[in-house]
Amino acid sequence: MAATLCSKLFPKTGWLPLTQSVRHGSKAVTRHRKPVHFLKQKLMAVTEYIPPIPAAPPGALAPRVRKTEEESALAVLLRKDLETLFKECKMIAVVQNNAINAEDLMVLKHKLKRHNISVKFFPNQVTRSFLSNSVYSNMLPLFVGQTVIIVSKEPKVKEMLQALKHSPQMVLLGACIENTLLSYQGILSYSKLPSMTTIQGELVSGLTMMTSRTVSMLRHHPVHLSALLQQYVKQQGSGDSTNAVTDKDTSTIKEASA
């Protein structure tokens with residue numbers, strides 16, 4: 001009896017129960033992280049803190065030494081020649097050289113030399129360095145590319161325009177005439193003005209005419225008065241003065257004497 005009870009209470013090894021208890025209930029909750037929206041990702045990337053790079057100590061970096069290039073002796077000499085040219089010449093024209101050949105340039109020089117007009121060549125670097133520190137600084141925009149300077153001690157604009165008319169490769173950009181900066185249209189207007197000799201002749205003739213007219217006007221009244229007085233004396237000498245001198249003559253004599 002006891003053996004049967006023990007065999008029932010203590011199962012044998014390797015024995016499985018006929019019924020097993022199974023737990024029924026809710027499933028385990030596992031939270032998955034949602035992906036961040038791309039706009040938020042952009043905002044976070046833009047607003048991300050970037051720490052500043054630590055500066056180097058004062059003695060770690062060597063000071064930068066700027067190299068100053070000194071002007072050559074040739075540049076100094078050309079600059080002095082240019083300064084003398086601007087002081088002595090009253091007409092300084094800037095012309096652009098569009099690949100003119102040597103033969104045409106020689107012909108142009110010969111035409112200009114007849115009127116005492118010279119053609120000068122200066123490097124733009126020297127010219128710009130001189131103009132930047134002078135009263136002619138407004139001429140700096142003209143010196144770009146290959147340029148030529150045409151100078152003369154007297155403003156001979158008509159002769160220069162006639163010579164450049166047969167050289168289309170040389171384009172006139174502007175000029176400084178008698179310390180006045182002129183454009184191409186201003187140079188054309190200046191060339192249409194009469195010469196100084198013509199203006200002086202017209203001024204002298206006008207003044208002479210005015211003085212001669214003034215003298216004639218000043219002499220008119222005394223001559224007229226003397227003529228009337230002579231007529232009056234003749235009439236008095238004839239003895240018929242009361243009938244000869246009319247009221248009109250008397251009033252005329254009074255006006256002339258006044």
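Met170 and Val148 make their closest contact through CE-CG2, 4.0 Å (heavy atoms, listed as atom of the first residue, atom of the second, distance). Contact record, Ala175 with Ala93: CB-CA, 3.7 Å, taken as the closest heavy-atom pair. For the residue pair Leu78 and Pro123, the shortest heavy atom distance occurs at CD1-CD, 3.9 Å. When every heavy atom of Pro168 is checked against every heavy atom of Val171, the shortest pair comes out as O-CG2, 4.1 Å. When all heavy atoms of Val126 and Ala75 are compared, the pair lying nearest together is CG1-O, 4.0 Å. Taking all atoms of both residues into account, the shortest heavy-atom contact from Glu154 to Met91 is O-CB, 4.2 Å.
Qualifying side chain to side chain contact (heavy atoms under 4.5 Å, CB included) partners for Leu188, counting only residues two or more places apart in sequence or in other chains: Leu161, Tyr184, Gln185.
Counting only heavy atoms from C-beta outward, the side chains of Gln235 and Gln231 approach each other to under 4.5 Å. Side-chain contact check for Ile92 versus Leu85: every heavy-atom pair is 4.5 Å or farther apart. By the 4.5 Å heavy-atom criterion applied to side chains, Phe86 and Met139 are counted as neighbours. Side-chain atoms of Asn116 and Lys153, non-hydrogen and from C-beta on, never get closer than 4.5 Å to each other. With contacts defined as side-chain heavy-atom distances shorter than 4.5 Å, the pair Tyr136/Leu181 does not qualify. Leu172 has its side chain within reach of Met160: a pair of non-hydrogen atoms, C-beta onward, lies under 4.5 Å apart. Inter-residue side-chain proximity for Ile150 and Leu164 is flagged as met; some heavy-atom pair is nearer than 4.5 Å. Between Glu178 and Tyr190 there is a side-chain heavy-atom pair separated by less than 4.5 Å.
Judged by distance alone, with hydrogens and angles left aside, the side-chain atoms of His115 form no donor-acceptor pair with the main-chain N or O of Ile117 at under 3.5 Å.
Linking ILVMFWY side-chain heavy atoms closer than 4.5 Å, directly or via other members, places Phe143 and Val135 in a single hydrophobic cluster. A single hydrophobic cluster is not seen to contain both Leu74 and Phe121; linkage of ILVMFWY side chains at heavy-atom distances under 4.5 Å, directly or through other members, places them apart.
With rounding to the nearest 0.5 Å, the separation of CD in Gln96 from CD in Gln169 is 12.0 Å. Distance check, rounded to the nearest 0.5 Å: NZ of Lys87 to OG of Ser134 gives 11.0 Å. Separation of atoms CD (Gln125) and OG (Ser129) is listed at 7.0 Å; rounding is to 0.5 Å.
Counting heavy-atom neighbours within 6.0 Å of Gln41 CD, excluding the residue itself, gives a total above 12.
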Under the criterion side chain to side chain contact (heavy atoms under 4.5 Å, CB included), I'd like the reasoning laid out for Lys90 against Ile177: C-alpha separation, chi angles, the key distance, then a yes or no.
CA-CA 6 Å; Lys90 294 183 178 179; Ile177 301 174; over 6 Å; no

Ser118 and Val151: side chain to side chain contact (heavy atoms under 4.5 Å, CB included), yes or no, with the steps?
CA-CA 5 Å; Ser118 304; Val151 296; 4.2 Å; yes

Any chance you could lay out the side chain to side chain contact (heavy atoms under 4.5 Å, CB included) test for His166 and Lys111, step after step, and finish with the verdict?
CA-CA 10 Å; His166 302 285; Lys111 289 181 180 179; 3.7 Å; yes

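A donor and an acceptor atom, one from each side chain of Asn124 and Thr147, are located under 3.5 Å apart.
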Quick one: side chains of residues 97-110, donor-acceptor pairs under 3.5 Å with protein atoms, not counting sequence neighbours, listed by atom name and distance.
unit_1: Asn97; atom_1: OD1; unit_2: Ile100; atom_2: N; d: 3.2
unit_1: Asn101; atom_1: OD1; unit_2: Asp104; atom_2: N; d: 2.8
unit_1: Asn101; atom_1: ND2; unit_2: Asp104; atom_2: OD2; d: 3.3

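Under 4.0 Å is where a charged nitrogen must lie from a carboxylate oxygen, and between Arg79 and Glu83 no such pair does.
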